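Encoded as structure tokens, the structure appears first; notes follow it.
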Amino acid sequence: QVHVVESGGGLVQPGGSLRVSCTASGSIFIIYSTAWYRQAPGKQRELVAAVTPGDATKYTDSVKGRFTISRDNAKNTVYLQMNSLKAEDTAVYYCNVDLRETRGGPLNDYWGQGTQVTVSS
């Protein structure tokens, strides 16, 4: 009964900015790590950015300096701020949340449905 929902996708011109959000709801004891992935047509899903349990961040080389991942633990929400967007950033963006639903329970992965980001003039 954990639901993960992304929002904020849309059409943006090259060089523009967009922020996508992901919120987890339901039975959540604690969230450990969160990440954003993306998948373009005909390509494999790739990791874009992640936040570790210690709040360290990681980015794939192609987005370093342009994208920023952050989270609001009180709201169970993770954000991806995307600046200086390029056509090659066009993809469906998915968030992944690694969490524990109950005290002493296992860690589980949950995926959102994805939000489309299209960068085009």
Side-chain angles (χ1 to χ4, degrees):
Q1 288 79 31
V2 174
H3 300 278
V4 178
V5 180
E6 300 100 333
S7 62
L11 176 65
V12 63
Q13 294 185 349
S17 298
L18 199 66
R19 187 180 76 163
V20 291
S21 303
C22 173
T23 299
S25 62
S27 181
I28 301 171
F29 178 71
I30 190 170
I31 295 175
Y32 284 89
S33 61
T34 58
W36 283 97
Y37 291 75
R38 67 185 180 187
Q39 187 168 21
K43 299 183 67 176
Q44 293 184 321
R45 187 173 299 186
E46 65 172 343
L47 176 66
V48 178
V51 182
T52 69
D55 291 330
T57 58
K58 294 183 177 181
Y59 301 91
T60 191
D61 287 342
S62 63
V63 308
K64 287 181 178 178
R66 300 189 297 120
F67 290 12
T68 302
I69 187 170
S70 62
R71 62 183 179 185
D72 185 335
N73 292 330
K75 298 180 179 179
N76 291 331
T77 299
V78 60
Y79 306 94
L80 185 67
Q81 177 68 46
M82 300 178 286
N83 299 325
S84 301
L85 283 162
K86 306 174 181 179
E88 50 263 46
D89 295 317
T90 296
V92 177
Y93 284 71
Y94 300 89
C95 70
N96 175 267
V97 183
D98 191 15
L99 59 84
R100 197 184 304 277
E101 296 175 56
T102 60
R103 178 181 175 274
L107 288 170
N108 292 316
D109 277 337
Y110 291 92
W111 291 90
Q113 82 289 345
T115 185
Q116 177 72 48
V117 174
T118 302
V119 184
S120 177
S121 60

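This structure is a prediction, so every number in the text was calculated from the model and none was measured. We use all heavy atoms of the structure for the numbers below, so side chains are in, but hydrogens, waters and symmetry mates are not. One-based numbering along the sequence shown.
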Discussion item. If you define the side chain from C-beta out and look only at heavy atoms, does anything of D55 sit under 4.5 Å from R71?
Written reply: yes
Practice prompt. Considering non-hydrogen atoms only, spot the tightest contact between S33 and P53 and give its length.
Written response: CB-CD, 4.2 Å
Worksheet item: Which residue pairs satisfy the disulfide (SG to SG under 2.5 Å) criterion with at least one member in residues 76-121, sequence neighbours excluded?
Response: C22-C95
Discussion item. Just to verify, what does K64 make a salt bridge (charged side-chain N to carboxylate O under 4.0 Å, His left out) with, not counting sequence neighbours?
Written reply: D61
Practice prompt. Taking atom CD of E88 as the centre, report whether more than 12 heavy atoms of other residues, nucleotides or ligands fall under 6.0 Å from it.
Written response: yes
Fill in: Nearest heavy-atom neighbours spanning S7 and T115
C-OG1, 4.3 Å
Worksheet entry | Verify same cluster id: V63, Y37 (apolar side-chain graph, 4.5 Å) | no
Practice prompt. Using the side-chain contact (heavy atoms from CB on, under 4.5 Å) rule, take W36 and V51 through it: C-alpha gap first, then chi angles, then the decisive distance, then the call.
Written response: CA-CA 9 Å; W36 283 97; V51 182; over 6 Å; no
Worksheet item: What is the distance from atom CD of Q116 to atom CG of L11, rounded to the nearest 0.5 Å?
Response: 9.5 Å
Practice prompt. Determine, using the 4.5 Å side-chain heavy-atom cutoff (strictly less than), whether V92 and L47 are members of one ILVMFWY cluster.
Written response: yes
Worksheet item: Is N76 close to S25 at the side-chain level, that is, under 4.5 Å between some pair of heavy atoms?
Response: no
Worksheet item: Which pair of non-hydrogen atoms, one from Y59 and one from A49, has the smallest distance, and what is that distance?
Response: CD2-CB, 3.6 Å
Practice prompt. First locate atom OG1 of T52, then atom CG of D98, and finally report the distance between them rounded to the nearest 0.5 Å.
Written response: 11.5 Å
Discussion item. On the six-membered ring of F29, is R100 placed so that its NZ or CZ lies under 6.0 angstrom from the centre and within 45° of the ring axis?
Written reply: no
Practice prompt. Looking only at non-hydrogen atoms, find the nearest pair between E6 and Y94 and report the distance.
Written response: OE2-CA, 3.2 Å
Item to complete: Measure the OG1-CD1 distance between T57 and I69 for me, rounded to the nearest 0.5 Å.
Response: 8.0 Å
Discussion item. Any non-hydrogen side-chain atom of M82 less than 4.5 Å from a side-chain atom of V12?
Written reply: no
Worksheet item: In the hydrophobic clustering that connects Ile, Leu, Val, Met, Phe, Trp and Tyr at side-chain heavy-atom distances below 4.5 Å, which members other than V97 occupy its cluster, ordered by chain and number?
Response: V2, V4, I28, I31, L99, Y110
Worksheet item: Of all residues at least two apart in sequence or in a different chain, which pass the salt bridge (charged side-chain N to carboxylate O under 4.0 Å, His left out) check with R45?
Response: none
Worksheet item: For E46, which residues count as a salt bridge (charged side-chain N to carboxylate O under 4.0 Å, His left out) partner, sequence neighbours excluded?
Response: R38
Discussion item. I want to check something: taking the side chain as every heavy atom from C-beta on, are Y79 and D72 in contact at a cut-off of under 4.5 Å?
Written reply: yes
Worksheet entry | Residue pair V48 / F67: nearest heavy atoms and the distance that separates them | CG1-CD2, 3.7 Å
Worksheet item: Can you name the nearest heavy-atom pair linking D89 to R66, along with the distance?
Response: OD2-NH1, 2.8 Å
Fill in: side chain to side chain contact (heavy atoms under 4.5 Å, CB included) against T23, all qualifying residues, sequence neighbours excluded
T77
Discussion item. Counting C-beta onward and ignoring hydrogens, is there a side-chain heavy-atom pair between Q13 and L85 closer than 4.5 Å?
Written reply: no
